[in-house]
Number of protein chains: 2
Amino acid sequence: QVGHSKTRCQCLNGMVNHVKPVLIEKLEVYTSSHSCQNIEIIVTLKNGKGMKCLNPEAPFAKKTIEKIMKNQRSVQ
Amino acid sequence: QVGHSKTRCQCLNGMVNHVKPVLIEKLEVYTSSHSCQNIEIIVTLKNGKGMKCLNPEAPFAKKTIEKIMKNQRSVQ
């Protein structure tokens, strides 16, 4: 899903609107830049289950980030 | 600032509570895991200005992420 192309955008091969927060090991947010105009959110899944592009437009994307941030308060 | 240590936490050498969103090229959120209990937010600055650990407890952290997400709507 994380593809390679002339521009340096990484999420040209389709995005998902939803990923279970508990499955997320890492979340990368790339801001728009000269090499790629889009904001891109790349999620690395736990247990080596690969990476997925998360649609930044999906309301879920913001909720996922908020959920991850909230979890950290319950952990500490 | 992003240090190395026995645990695989990356933000043990101090964190900042604030980074100007416009300076941010990439933002990585590491969820808590067996190798590092803390949620860690690592910001890569534009123009090769290095990386900083952002304090996930700081209200600013959530606002920054929200701001980045909002910017993407004005870009497209």
**Request:** Could you list which of residues 43-50 of chain A have a heavy atom closer than 4.5 Å to any heavy atom of chain B, in residue-number order?
**Result:** A/K46
**Prompt:** Going from CD on B/E28 to CG on A/L27, what distance comes out if it is rounded to the nearest 0.5 angstrom?
**Reply:** 10.0 Å
**Message:** Tell me if a side-chain donor or acceptor on B/T31 pairs with a main-chain N or O of A/K26 at a distance below 3.5 Å.
**Reply:** no
